[in-house]
Q: 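Below is one structure. I have some questions about it.
Heavy-atom basis, side chains included; hydrogens, waters and symmetry copies ignored. Both ligands and their constituent atoms are indexed starting at 1 by order of listing.
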Amino acid sequence: MVKVFINGYGNIGRRLASALTKDKEISLIGIAKYTIDEEKLKNLKNRFDVYVPENLVHKYKNSVSGSIREAVSESDLVLDAGKEGDGYSNKIKLYKPMGKPAIFQGGEERHGDKAVAEMIHNSRVNYHDASGKQYIIQGSCNVSGMGKIMQPLIEKFGDEIQRFDVTLVRRWADLEDSKEVKDSIQWDKNPHHQEDVKDFIPHAKLYVEAFKVPSRMMHLHQMVVRFHSKAPSKDQILDVFTKEFAVAILNSAKGTADVRMKAIELGFEHGDTNMVHIHQDILRVQGETLKIVYSDDQTGLVIPENHLLLQSMIMRRPRSEAIRKTDGLFRISEKKRILEKEFG
Ligand SMILES: NC(=O)c1ccc[n+]([C@@H]2O[C@H](COP(=O)([O-])OP(=O)(O)OC[C@H]3O[C@@H](n4cnc5c(N)ncnc54)[C@H](OP(=O)(O)O)[C@@H]3O)[C@@H](O)[C@H]2O)c1
């Protein structure tokens with residue numbers, strides 16, 4: 001049994017927690033809560049052991065299992081799922097002094113003074129490189145999605161590809177967030193996604209622009225792939241993705257909300273599909289250019305990615321076996337079949 005602690009219980013942490021409680025190879029030590037009240041604690045403590053900062057342990061002693069520091073010291077691995085930027089101080093104050101390996105989320109820094117890790121993981125590209133490492137960032141939802149589409153194209157068409165230009169249309173907030181969704185289309189002067197993807201696909205000529213739009217549903221990416229000569233046919237492109245894990249090919253969705261609402265209607269846990277969805281009705285091949293559009297389940301996509309990553313890091317398991325295990329836990333192949341039928 002691998003003992004895992006989840007430090008941060010927001011949109012990502014809560015999904016990690018519900019997935020890991022179902023994994024019989026993992027003993028979930030518990031979750032961290034930083035902002036608490038008795039009401040919240042009452043609900044949480046029925047499901048998990050809850051750990052809080054040391055200064056709150058005494059106040060909530062009847063409802064919590066101890067301090068975050070104690071939970072980290074008991075664990076074999078920490079899944080850090082705190083607000084963007086919290087990972088660095090957690091690493092310096094807790095994980096590093098105690099020698100505990102940790103997985104960080106995509107909002108953390110890969111370079112500079114506050115870098116938390118030496119690699120960004122994408123299960124489609126560098127799963128095996130994670131084996132035995134101490135600190136790794138799981139790429140963000142946008143970065144994970146780009147890797148899932150780019151890598152199969154690179155493997156199939158290699159040097160025939162000249163460059164990738166990607167426009168990320170990003171949701172403003174998640175469905176569970178209480179923050180206001182502003183009526184604006186906001187651009188990003190320096191999208192981190194470009195350098196993040198280059199961390200695991202260094203040789204690709206990749207150019208990324210990102211726009212945040214007033215939506216809570218999903219991200220949508222338009223990837224323009226330029227070939228040196230005539231681009232492959234639409235059927236050749238779709239063939240590449242038919243059997244891809246966590247990539248569905250849909251034909252009749254009209255927007256990101258259709259996919260999200262269908263996942264909720266079908267009772268998928270947390271309303272997640274846990275994958276990217278290529279919209280083949282707007283996949284265009286024009287001369288030397290392929291335009292591929294896919295929606296990206298922002299909250300769900302990275303949860304199986306974290307699960308795969310921990311199997312590489314801690315269990316040193318071969319990728320095919322890890323995929324089987326993760327698929328069993330998240331029912332990704334089954335969800336893919338269902339969505340492809342629903343949007344056939
Ligand atoms: N949301 C997404 O779609 C998404 C997708 C991919 C990756 N990510 C990345 O995942 C990370 C978490 O995002 P999120 O959306 O889950 O954020 P979130 O919903 O804002 O949750 C962040 C959580 O961090 C907790 N926290 C506060 N101080 C902390 C500390 N020092 N250490 C650890 N946790 C602390 C907060 O706990 P309290 O509630 O108790 O205050 C809060 O629940 C970010 O790096 C983000 O970029 C997010």
Side-chain angles (χ1 to χ4, degrees), residues 5-19 30-41 43-45 48 50-56 60 63-64 67-69 71-72 75 78-95 100 102-110 114 116-117 120-122 136-148 168 170-179 181 191-193 196 210 212 215-219 256 260 270-276 295-307 309:
F5 177 59
I6 300 177
N7 193 9
Y9 190 75
N11 295 331
I12 296 302
R14 98 171 54 96
R15 286 171 166 81
L16 291 170
S18 47
I31 56 144
K33 270 307 280 173
Y34 289 80
T35 318
I36 37 175
D37 56 52
E38 285 295 356
E39 195 53 35
K40 273 189 198 142
L41 271 180
N43 294 329
L44 278 176
K45 74 174 190 187
F48 309 107
V50 181
Y51 294 84
V52 295
E54 276 154 322
N55 60 335
L56 295 175
Y60 295 100
S63 308
V64 303
S67 71
I68 290 165
R69 182 174 291 279
V72 171
S75 63
V78 181
L79 295 185
D80 187 292
K83 283 195 299 286
E84 296 185 6
D86 285 344
Y88 179 73
S89 63
N90 289 340
K91 179 179 171 184
I92 298 304
K93 285 188 204 142
L94 296 170
Y95 317 148
K100 299 295 177 181
I103 293 176
F104 297 93
Q105 304 309 309
E108 302 302 331
E109 299 291 328
R110 163 72 183 83
K114 301 241 162 117
V116 294
I120 297 180
H121 170 253
N122 183 290
I136 301 187
I137 299 173
Q138 170 53 51
S140 73
C141 39
N142 286 299
V143 168
S144 299
M146 279 192 273
K148 278 183 185 297
L168 309 179
R170 299 172 56 214
R171 59 88 183 90
W172 199 282
D174 296 326
L175 276 176
E176 299 99 323
D177 284 335
S178 50
K179 73 178 167 202
V181 170
H192 68 90
H193 316 86
D196 283 2
K212 202 153 92 170
S215 171
R216 291 177 183 273
M217 290 296 175
M218 282 189 185
H219 302 300
T256 51
R260 175 67 77 210
H270 297 289
D272 292 341
T273 70
N274 304 115
M275 62 190 97
V276 295
S295 45
D296 174 308
D297 172 7
Q298 81 279 15
T299 39
L301 189 65
V302 296
I303 312 304
E305 284 285 298
N306 273 270
H307 188 250
L309 175 52

Q: Is it the case that the side chains of H270 and S18 hold a donor-acceptor pair, with the cut-off being a distance below 3.5 Å and no angle test?
A: yes

Q: Is there a heavy atom of C141 sitting under 4.0 angstrom from any atom of ligand 1?
A: yes

Q: Where is the nearest protein heavy atom to atom 1 (N) of ligand 1: which residue, which atom, and how far?
A: D174 OD2, 2.6 Å

Q: Could you tell me the residue and atom name of the protein heavy atom closest to atom 20 (O) of ligand 1, and the distance to it rounded to 0.1 Å?
A: K83 CG, 3.9 Å

Q: Can you confirm whether more than 12 heavy atoms, excluding those of K40, are under 6.0 Å from its NZ atom?
A: yes

Q: With atoms numbered from 1 as shown, which atoms in ligand 1 lie under 4.0 angstrom from a non-hydrogen atom of G107?
A: 45 (O), 47 (O)

Q: Going by heavy atoms, is Q138 under 4.0 Å from ligand 1?
A: no

Q: Identify the protein heavy atom lying closest to atom 11 (C) of ligand 1, giving its residue, its atom name and the separation to 0.1 Å.
A: G82 O, 3.4 Å

Q: Could you tell me whether atom 36 (C) of ligand 1 has at least one protein heavy atom nearer than 4.0 Å?
A: no

Q: Do the two ring centres, one from Y51 and one from F5, sit under 6.0 Å apart?
A: yes

Q: Starting from atom 4 (C) of ligand 1, what is the nearest protein heavy atom, named by residue and atom, and what distance separates them?
A: I12 CD1, 3.5 Å

Q: Can a donor-acceptor pair be found between the side chains of N306 and Q105 at a distance below 3.5 Å?
A: yes

Q: Going by atom types only, do Q298 and R216 share a side-chain donor-acceptor pair under 3.5 Å?
A: no

Q: Applying ring-ring contact (aromatic ring centres under 6.0 Å, His included), name anything that partners F48, two or more places apart in sequence or on another chain.
A: Y9

Q: Is Y34 close to ligand 1, meaning an N/O of one under 3.5 Å from an N/O of the other?
A: yes

Q: Please write down residue, atom name and distance for the protein heavy atom closest to atom 32 (N) of ligand 1.
A: N90 ND2, 2.9 Å

Q: Considering only heavy atoms, which of L16, N11, I137, D296 lies nearest to atom 17 (O) of ligand 1?
A: N11

Q: Suppose I only count heavy atoms of R171 and a 4.0 Å limit; which atoms of ligand 1 are within that range?
A: 1 (N), 2 (C), 3 (O)

Q: Hey, are the side chains of K212 and R171 touching, using non-hydrogen atoms and a 4.5 Å cut-off?
A: no

Q: Identify, by atom number and element, the atoms of ligand 1 in contact range of Y9, meaning under 4.0 Å from any of its heavy atoms.
A: 43 (O)

Q: Among protein heavy atoms, which lies nearest atom 41 (O) of ligand 1, and at what distance?
A: T35 OG1, 2.4 Å

Q: Flag E84 as yes when one of its N or O atoms lies below 3.5 Å from any N or O atom of ligand 1, and as no otherwise.
A: yes

Q: What's the spacing between N122 CG and I137 CD1 if we round to 0.5 Å?
A: 13.0 Å

Q: Check each atom of ligand 1 against the heavy atoms of T299 and keep those under 4.0 Å away; list them by number with element.
A: 3 (O)

Q: Does either side chain, that of N274 or that of D297, offer a donor lying less than 3.5 Å from an acceptor on the other one?
A: no

Q: Show which atoms of ligand 1 fall inside a sub-4.0 Å distance from at least one heavy-atom site of K33.
A: 38 (P), 39 (O), 40 (O)

Q: Measure the distance from atom 21 (O) of ligand 1 to every protein heavy atom, then report the residue, atom name and distance (to 0.1 Å) of the closest one.
A: G10 CA, 3.2 Å

Q: Among side-chain atoms of Y34 and N7, is any donor-acceptor pair under 3.5 angstrom?
A: yes

Q: Distance-only, no hydrogens or angles: does the E108 side chain make a donor-acceptor pair with backbone N or O of V116 under 3.5 Å?
A: no

Q: List ligand 1 atoms under 4.0 Å from A81, heavy atoms only on the residue side.
A: 12 (C), 22 (C), 23 (C), 24 (O)

Q: Quick one: side chain to side chain donor-acceptor pair (under 3.5 Å) partners of N90, sequence neighbours excluded?
A: D80

Q: What residue and heavy atom of the protein are closest to atom 10 (O) of ligand 1, and at what distance?
A: Q105 CB, 3.3 Å

